[in-house]
Number of protein chains: 2
Amino acid sequence: MEEIHLILAKNLKAFRENKKLSLEKVAELTGVSKTMIGQIERGESSPTITTIWKIANGLKISFTSLINHPQPDTQLVLRKDIQTLSEDHGRYRVYPYFPFENDKRFEVYTVEIDKGGYLSAEPHIEGTEELIVVFDGEITIRVNNDEYTLESGDSIRFKADKPHTYHNSGKSLARVNMILFYPAE
Amino acid sequence: MEEIHLILAKNLKAFRENKKLSLEKVAELTGVSKTMIGQIERGESSPTITTIWKIANGLKISFTSLINHPQPDTQLVLRKDIQTLSEDHGRYRVYPYFPFENDKRFEVYTVEIDKGGYLSAEPHIEGTEELIVVFDGEITIRVNNDEYTLESGDSIRFKADKPHTYHNSGKSLARVNMILFYPAE
DNA sequence: CGTTTTTGTACATTATAACATACATGGAAA
DNA sequence: TTTCCATGTATGTTATAATGTACAAAAACG
């Protein structure tokens with residue numbers, strides 16, 4: 001995932017070069033020193049919100065045009081490129097496929113739990129829902145003092161703003177797809 | 001016009017209190033110290049873009065929901081509340097009615113020029129257009145070595161990314177409405 | 001070509017964002 | 001009450017954003 005200040009860097013530089021403005025000219029228009037403009041463009045600085053505001057106003061462009069980088073229409077994500085999150089002595093693995101970003105209201109994970117493996121999750125922010133589909137194995141989910149056992153092909157949806165646990169209660173590796181959903185307030 | 005970091009302050013505090021989260025909890029969710037969260041909420045700090053990004057992601061809300069404060073449906077602007085911009089020894093006055101803001105692509109001024117008054121304008125950013133309607137008096141506008149004389153009821157539209165001048169060529173006070181328009185790229 | 005000007009970067013300094021720690025205040029529990 | 005715990009604020013320190021000046025390379029000019 002690209003860092004926000006690098007996105008800003010690209011957008012600002014692209015805009016400036018497109019308009020054929022010098023650093024000095026931008027400094028004059030925005031009231032931000034040309035040194036700082038240069039550092040921002042090179043990704044060497046994470047400007048404060050007031051600085052970004054000065055730039056957006058001085059250049060007469062929107063705040064978001066500086067921080068939104070156009071998503072490609074198609075995005076391929078290979079497992080080998082995914083950073084794995086493991087714990088319980090490596091007995092489960094979480095693969096973040098599509099992490100949260102700005103205005104998307106959900107994120108997508110895949111979770112593998114070895115036989116006997118156990119996963120305890122802290123409550124997510126209020127309102128969060130979890131949608132799970134089991135692909136392989138058997139999983140027992142405990143939430144709100146209720147226990148649900150799911151097998152391959154089963155699914156469940158629950159409010160995830162309370163503590164909850166996952167347990168591989170079957171005889172083989174369990175694999176599930178998990179969607180975390182954050183409803184708009 | 002409200003300062004950007006105060007808008008952020010309000011939005012963040014409103015969100016946190018609405019969700020009934022403590023500063024400490026927000027700090028834990030976002031990876032930003034609770035001291036900093038507190039200072040941001042009190043408007044005592046202009047956070048960097050990376051800090052805002054951490055907050056938006058940790059709270060699972062969009063970047064813009066933190067910086068956009070909802071415009072009221074109706075906005076009344078009285079002349080007495082407008083900050084006047086004068087020069088040429090006070091022989092002209094510029095009244096900024098609706099200044100540029102974020103995603104609006106234009107701003108609105110009224111300009112008064114006394115008899116004989118003269119106004120020289122630096123080029124605006126590339127692509128900028130000016131739309132002028134004359135209400136009273138006579139004005140001569142010079143742009144690109146061309147000269148246009150307008151009387152009450154006349155109007156003109158021109159590319160304002162080159163130097164241009166306004167001159168009250170009539171016998172009385174001249175008043176015009178001016179719109180500066182910044183086309184999207 | 002050499003000279004001048006324009007443009008972006010390096011450097012040194014100041015202002016302030018960000019953090020860790022300690023403190024004060026206001027309930028809840030006893 | 002008294003004690004305890006939770007929450008937000010004040011304080012001191014470090015990291016870094018922001019600026020002004022000086023410099024180097026490239027472009028424009030003769």
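No hydrogens, no waters, no symmetry mates; every other heavy atom, side chains included, goes into these values. Quick caveat, the model's predicted, so the values are computed rather than measured. Each chain gets a letter, A, B and so on, in the order the sequences are listed, and its residues count up from 1.
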message = Going by side chain to side chain donor-acceptor pair (under 3.5 Å), B:Glu130 matches just one of B:Lys159, B:His124, B:Arg157. Which one?
response = B:His124
Could you check how far [atom1] of [X] sits from [atom2] of [N], rounded to whole Å?
X: B:Ile40; N: D:dT9; atom1: CD1; atom2: C1'; result: 15 Å
X: A:His5; N: D:dT16; atom1: NE2; atom2: P; result: 11 Å
X: B:Glu28; N: D:dG8; atom1: CD; atom2: P; result: 14 Å
X: B:Arg42; N: D:dT7; atom1: CZ; atom2: P; result: 16 Å
X: A:Met36; N: C:dT13; atom1: CE; atom2: P; result: 17 Å
X: B:Trp53; N: C:dA18; atom1: CH2; atom2: P; result: 15 Å
X: A:Ile37; N: D:dA17; atom1: CD1; atom2: P; result: 14 Å
X: B:Leu23; N: D:dG8; atom1: CG; atom2: C1'; result: 6 Å

Of the nucleotides [options], which one has an atom closest to the side chain of [X]?
X: A:Ser45; options: D:dA17, D:dG8, C:dC19; answer: D:dA17
X: B:Thr35; options: C:dT21, C:dA17, C:dA10; answer: C:dT21
X: A:Thr48; options: C:dT9, C:dA18, C:dA17; answer: C:dA17

query = C:dG8 phosphate, OP1 or OP2: any side-chain N/O from A:Arg16 under 4.0 angstrom?
reply = yes
ask   = Are OP1 or OP2 of C:dA18 and a side-chain N or O of B:Thr51 less than 4.0 angstrom apart?
value = yes
B:Thr50 vs B:Leu21, nearer the 5' end of DNA chain D by closest nucleotide = B:Leu21
key: Nearest-nucleotide comparison on DNA chain D, the residue closer to the 5′ end among A:Val32 and B:Gln39   = B:Gln39
task = Start with the C-alpha distance between B:Glu126 and A:Lys20, add both sets of side-chain angles, then the distance that settles salt bridge (charged side-chain N to carboxylate O under 4.0 Å, His left out), and finish with yes or no.
result = CA-CA 9 Å; B:Glu126 192 220 315; A:Lys20 296 188 178 53; over 6 Å; no
message = Can you classify the ring geometry of B:Tyr118 versus B:His167 as parallel (below 30°), tilted (30 to 60°) or perpendicular (above 60°)?
response = tilted
ask   = Is it the case that B:Lys104 places NZ or CZ above or below the six-membered ring of B:Phe106, under 6.0 angstrom from the centre and within 45 degrees of the axis?
value = yes
ask   = Could you give the distance from OH (A:Tyr166) to CD1 (A:Ile132), rounded to the nearest 0.5 Å?
value = 4.5 Å
query = Where each residue is assigned the nucleotide of DNA chain C containing its nearest heavy atom, which of B:Lys34 and B:Glu44 is assigned the position nearer the 5′ end?
reply = B:Glu44
